[in-house]
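Numbers restart at 1 for each chain; the letters A, B, ... are given by sequence-line order, proteins then strands. Computed from a predicted structure; not experimentally measured.
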Amino acid sequence: MTEVIKHMKGIANDIYQKIIKKKVPSLDMPIRSLQNVNYDSKIGYFELKGKILSRTLGAATIKTFAQTLLMMNESKKIVETNDIATKREIYYVSKNWGEAMFREQPESDTVMDDIEAMLGFNREQLGFIPEEKGGDVAGRLVVIDQDEEGKTIKIDCTKFGSGAYSVPTSVEGLKFETNAKFILAIETAGMFQRLVKHGYWKKADCILISMGGVPTRACRRFIRRLSDDKKIPVYVFTDGDPYGFLNIYRTLKVGSGNAAHINKYFCVPQAKFIGVTPQDIIDYKLPTHPLKDVDIKRIKDGLKNDPFVQEHQDWDKALKLMLKLGKRAEQQAFAKYNLNYVIDNYLPQKLKNTKSWLT
Amino acid sequence: MSDESQTTLKQGSGEKEGKKPIAYALAEKQRDISVAEFFEKNRHLLGFDNKKKALLTTVKEAVDNSLDACEEAEILPEISIEIIDMKNDRFRIIIEDNGPGIIKKNIPNIFAKLLFGSKFHTMKQSRGQQGIGISAAALYGQLTTGKPIKIISKISPNDPAHYCELHINTQKNKPEILSEEVKEWKKDHGTRIELDLEANYQQAGQSVDTYLKQTAIVNPHCTIIYTNPKAEQLIFARATDMLPKEPKEIKPHPYGVEIGMLMKMMRWSDSKSLQAFFMKEFSRVSSGVAKEICSKAGILPTFKPIEVNRDQAERLIKAIRETKIIAPPTDCVSPIGEELLQKGLKKEINAEFYCAVSRSPSVYRGNPFQVEAAIAYGGELPADKPVRIMRFANRVPLLYQQGACVITESISGTQWRGYGLSQSQNSIPVGPAVIVVHLASVWAPFTSEAKEAIAHYPEIVKEVKLALQECGRKLAQYTHKKRKYTDELKKRSYIEKYMPFIGEALKDLLDLKKSEQETIENMLKEILEHKRGKLEKVEMKNEEYDEEFAKIGSEEPEDSGDEEEKGEDL
C-alpha cells in the first residue's frame, strides 16, 4: 500500500471510530491563507504556522464533509490503478455523486486543495494533475526526458526556431544539461517572443522561460530543479505593477498563502527581481497607466499582511514608491524608444547594475 | 391681488370722480349662499365627490345613524340594506333598522336640514358627530334625481308609524314636507328610509360590500342583512349578544376649549358666577381650580359669565393653559376589546398568527381617546406586497384617504424590520400581514366632514405607535420562532440529504461491509439529532376563518373607470 493510501485510510478510520462511538467527527487541516504563514529569508519560502481548521460535522459542513470523503475515495481508486485525472475530470466524475456533486469546478478545486493540505501530499501524488500548461522554454538548455516507451531522449531548446519547448505537467523525472549563465523568467508571452525572435539567449548566454502570468506549479518546480541542479541564478522580468510583484514574482519565489502546505517544493528562493521596478518607471521615463483601485488595494494589502514584504525593506520601499507615483508600467513600454530597446539597452544595463534589483 | 393694489384701485375709482363708493356695487353681489350651492361646491368634503363614493357615503351615514340609535336605546341592532339598480346610473337605497324610532316632530329636521343633530353638542363616543351626513345624502339624492327622501318611523308598538316624503329647501336650509300620513307597519319600533340617487356600484375595493363587512367585524353585536344591486343577499349574523359598553357622556375638559367656544358657552350659561360656570360646564374643575383660573386671569370668581368680554375671555383661555388640571375621565370611551377584535379578524383573514392590543385610554387636547391595534400574519397573505391596512374610528371603517390618515402615518413611522416585516425608510411595511387600528374617542378628529381620515395629533400618533409596537413585539416573537423553525427544518433536510454519502465513502475507503455502512448511517442520525435537539412546531391553525365571508368585497373590480383616487385600494 502506498504512503498516500495509508494516510487516507488513517483519516477515514479516525472518522469511522468517532462515529461508532457516537462522537461528532471532524476533519482537521491547516488554514490556507497569508495569516497562517511565516516567512524567514533563511528558509526561503512561506511556511505554515500551524493554525488548524477543524471542520466539525454539522448542518453547515455536511456537504463539504461528504464531498471531501468522496474525493478521497476517488483519489484512492486512481492511485490504486496507477492512473491520473485532471482537475477538470474530477469535477466531471463528481457528476456521478448525485446530490453531492459539485456545481462548479472551483468548488471541486477547493476540496482538492483541502485534501492536499490535510494529507500533506501534493495533488500529483494523489493522482490529480493540473490542466494548465507549464510554461515555454528557449535557449541554452538540453532537457533529458523519456519517450512513451521509456527510451531516453534529449531535447535541445536551442532548436525550436521561433517556437519553444513546453514544460510538461510533471517535471520530477527530467534531467538537464546546460552552460547558461542565468535563467530569465518572463511574465508575458509577447516579451518572450521578442527575445526569442532576436536571439537574445545567444547574446546573453541564457535560458528564457515564459511564465504566462502567475507560474503554474510545474513551471515553478521546473525552474527550481533546473536552478538547483545546475547552480544557475534565476532573474525575473515582469510588468511594473502590483500583480507582477506580489502575485507572479512573490509566488514564484516563496509560494502562496493558499498553497502553503506545498510551498516547500514549489518555490524558487534564489530568484531575483530585475524589473520593471517602480524606480525604473522614473529612471527610464516610461509611459504609464494610473493605478486601478484593485492595484491600490493589492499594494496596501501587501504592505499590511504579506510576510514577504514585511521581511524585505526594499520591497516595502518599492511598493510605497509605486503608491506615491500612482502609476504602473508594462514590460512593453520600452518600445517607446524603439522596439529592441529592451534587448540592446534595458536588459544589459539592468543585469550589470545589481543594485537596481529587488530581493 | 395684494392689499396695496386694492387700496390704489379704491382711491382711483372712488370719490374723486364723484361716483358712489365701490362698496355699493360690490354689495349687490353679496348675498346668502344657499346650502345647495355650498354642497355643490364642497361635495368632496362630505364624501360625495364621485358616483361610486356617493353610494357608499349614503349607506354609511344611514347605517352609522342606525347603530348609534340602537346602542343608545340598548337595542341589539338588526339592519337591512337593499340597493336596487334602476339603470342609467340611478340607484334606490332602502335601509331599515330596529332602532328606537324618531318622534314625528323631529323627522323633517333630521333628514332634511343640514347641521341638525343630537351629537354635535355632546362629548360622547358615537359614530355620527355633526348632524350633516344623512341630510347631505338626502340633498345629494334630491339634486341628482329630483326625488324626495321617504321615511317611515315607529317609536313603540302602541304608536302608529309615521310616514313622510321630504325635500330640502336649498335656499333656506329648511325641510319641506311633500306628503305625510299615518301608516300601518308591522314592526314594534324602528326607522326605514328610502332614497334615489345617481351612483355607481362596484363590488370590490372601496365599496359598500367592504364597508358592511368591516362594520360587521368591529360590531359583532349587530346583524346586517344586505341585498346588493345584483339581488344577492348577504347576511352578517350577530356574533355576540353583548352590547358594547355604553359610552358615557362627559363634559368638555378645559384643555380642549377654544376662545370662540368658551364665549358661546358663557353667553348661554345660566350660572351666576364664573366659578360656578367652570365647575358646572367642564369636567375636572373643582372650586379650587375654578378660583385659580379666575385669579390667574385677573377676574373675580363672582363675575357673571354673561358679561365676560372678548379680552377677558382670552385671558381666561391663557389662564386655563397655565393651570394644572387633571386629565378628563377616560372610562367614557368604549373600545372593541382585544378578544373581539382578534375574533373578527380571524373570521376575515386566514393567517397563521393573530394578536391584538388595547391601550389604556389617553387624552389629546382635553379629549379622551383609546387606541386598539391588531395584526394578522402569514398564511395565505401575499408576502411581496405592502401590508393591508384596516382603519376604524369609533367602530366605523375608514375606506378612503388612507394616505392622509394619522394611522397610516403611524404605521409608516414605526420600525417594522425588527418585527419580521420588510420596510424601506418611512413607508408602509411589506410582508404577509394585515394591520388593524381602531381609534375610539368622544371626539374623533377627522381631517374633513367626510370622516375619511383622522387628523395628526402628536398624542394620537404616540398612542397608535405604542399599540403597534406592542403588537409588533408579539409578532416578532412569532416570526423569530417561525424563522428558527424553518431554518431548522431546512438544515435537517440538508443533513439527511448528505448523510448517506458519508457512509458510502467510508465504506469504499475502509472496505467496510454493507451492515457496517448502515451502522454508520444510524449512528450519524443519532449524533446529529441529539446535537440539534427536539423540533417544536409553531404554526397556529385558524378555525374561525370563514371563506365565504372573506370573499365579500375582495373580487377583482370589474371596472374602475370613474374618477377614483388611484393607489388607495384597501
Side-chain angles (χ1 to χ4, degrees), chain A residues 1-2 4-27 55-81 93-103 107 111 115 118-119 126, chain B residues 352 378 383 417 420 422 476-539:
Chain A
M1 205 181 341
T2 68
V4 185
I5 293 180
K6 220 189 258 173
H7 236 88
M8 283 195 282
K9 287 205 166 198
I11 289 174
N13 195 46
D14 284 351
I15 292 169
Y16 177 60
Q17 292 305 327
K18 271 203 168 164
I19 292 174
I20 55 175
K21 281 177 194 144
K22 285 199 200 168
K23 282 187 184 148
V24 185
S26 60
L27 289 169
R55 186 172 287 156
T56 308
L57 185 62
T61 58
I62 191 160
K63 187 176 179 187
T64 330
F65 205 98
Q67 286 172 331
T68 308
L69 291 177
L70 287 166
M71 194 187 281
M72 267 167 63
N73 193 34
E74 294 301 334
S75 165
K76 178 179 162 250
K77 283 191 241 166
I78 293 166
V79 174
E80 276 170 352
T81 56
V93 165
S94 87
K95 296 293 181 191
N96 192 31
W97 297 349
E99 286 289 351
M101 72 175 161
F102 296 110
R103 308 280 148 200
E107 292 175 29
V111 169
I115 294 176
M118 204 163 61
L119 295 170
L126 298 171
Chain B
E352 316 156 20
R417 284 197 212 154
S422 44
Q477 277 180 3
Y478 176 77
T479 52
H480 289 166
K481 222 158 90 187
K482 186 178 172 184
R483 193 175 312 140
K484 254 170 92 184
Y485 173 77
T486 45
D487 280 1
E488 185 59 32
L489 267 191
K490 229 185 261 166
K491 279 183 189 163
R492 282 180 191 232
S493 77
Y494 197 73
I495 287 174
E496 255 162 58
K497 196 155 100 183
Y498 294 111
M499 210 155 53
F501 294 108
I502 292 178
E504 206 182 292
L506 285 177
K507 178 184 164 255
D508 286 358
L509 275 165
L510 298 171
D511 304 309
L512 301 176
K513 292 191 211 94
K514 187 85 193 155
S515 65
E516 285 168 313
Q517 183 189 345
E518 277 162 20
T519 319
I520 292 177
E521 279 172 32
N522 292 335
M523 290 295 189
L524 268 179
K525 217 172 201 169
E526 231 174 279
I527 294 168
L528 292 171
E529 254 164 39
H530 177 75
K531 205 175 144 198
R532 308 206 72 84
K534 270 226 148 42
L535 190 59
E536 229 175 291
K537 213 169 154 55
V538 282
E539 247 137 306

Just give me the residue among A:Lys63, A:Met71, A:Lys22 that pairs up with chain B most often, heavy atom to heavy atom, under 4.5 Å. A:Lys63
Tell me, for B:Leu524 versus chain A, whether the close heavy atoms (under 4.5 Å) come from the side chain, the backbone, both or neither. both
Given the options A:Pro25, A:Gly98, A:Ala59, which has more heavy-atom pairs under 4.5 Å with chain B than any of the others? A:Ala59
If you round to the nearest 0.5 Å, how far is OH of B:Tyr498 from OG1 of A:Thr61? 12.5 Å
Between A:Lys23 and chain B, with a heavy-atom cut-off of 4.5 Å, which part of the residue counts as in contact: side chain, backbone, both or neither? backbone
Report which part of A:Lys76 has an atom under 4.5 Å of a heavy atom belonging to chain B: side chain, backbone, both, or neither. side chain
Using heavy-atom distances under 4.5 Å, tell me whether B:Ile527 contacts chain A through its side chain, its backbone, both, or neither. side chain
Can you tell me how far apart CD1 (A:Ile62) and NZ (B:Lys497) are? Round to the nearest 0.5 Å. 11.0 Å
Sort out for me which of B:Ile495, B:Leu510, B:Asn522, B:Leu506 touches chain A most, counting heavy-atom pairs under 4.5 Å. B:Leu510
If you measure from CD on B:Gln517 to OH on A:Tyr16, what distance do you get to the nearest 0.5 Å? 10.5 Å
Does any backbone or side-chain atom of B:Leu509 lie under 4.5 Å from a heavy atom of chain A? Answer side chain, backbone, both or neither. both
Would you mind checking which part of B:Asp511 comes under 4.5 Å of any heavy atom in chain A, side chain (CB onward), backbone (N, CA, C, O), both or neither? side chain
Between A:Trp97 and B:Phe501, the two heavy atoms sitting closest are O-CE2, 2.9 Å
How close do A:Leu69 and B:Ala505 get, heavy atom to heavy atom, and via which atoms? CB-CB, 3.6 Å
Do other residues, nucleotides or ligands put more than 12 heavy atoms under 6.0 Å from the NZ atom of B:Lys513? no
Counting heavy-atom pairs under 4.5 Å with chain B, the top scorer among A:Ala60, A:Ala12, A:Ala66 is A:Ala12
Calculate, to the nearest 0.5 Å, the distance between atoms CD1 and CD belonging to A:Ile19 and B:Glu521 respectively. 10.0 Å
A:Leu57 versus chain B, heavy atoms under 4.5 Å apart: side chain, backbone, both or neither? both
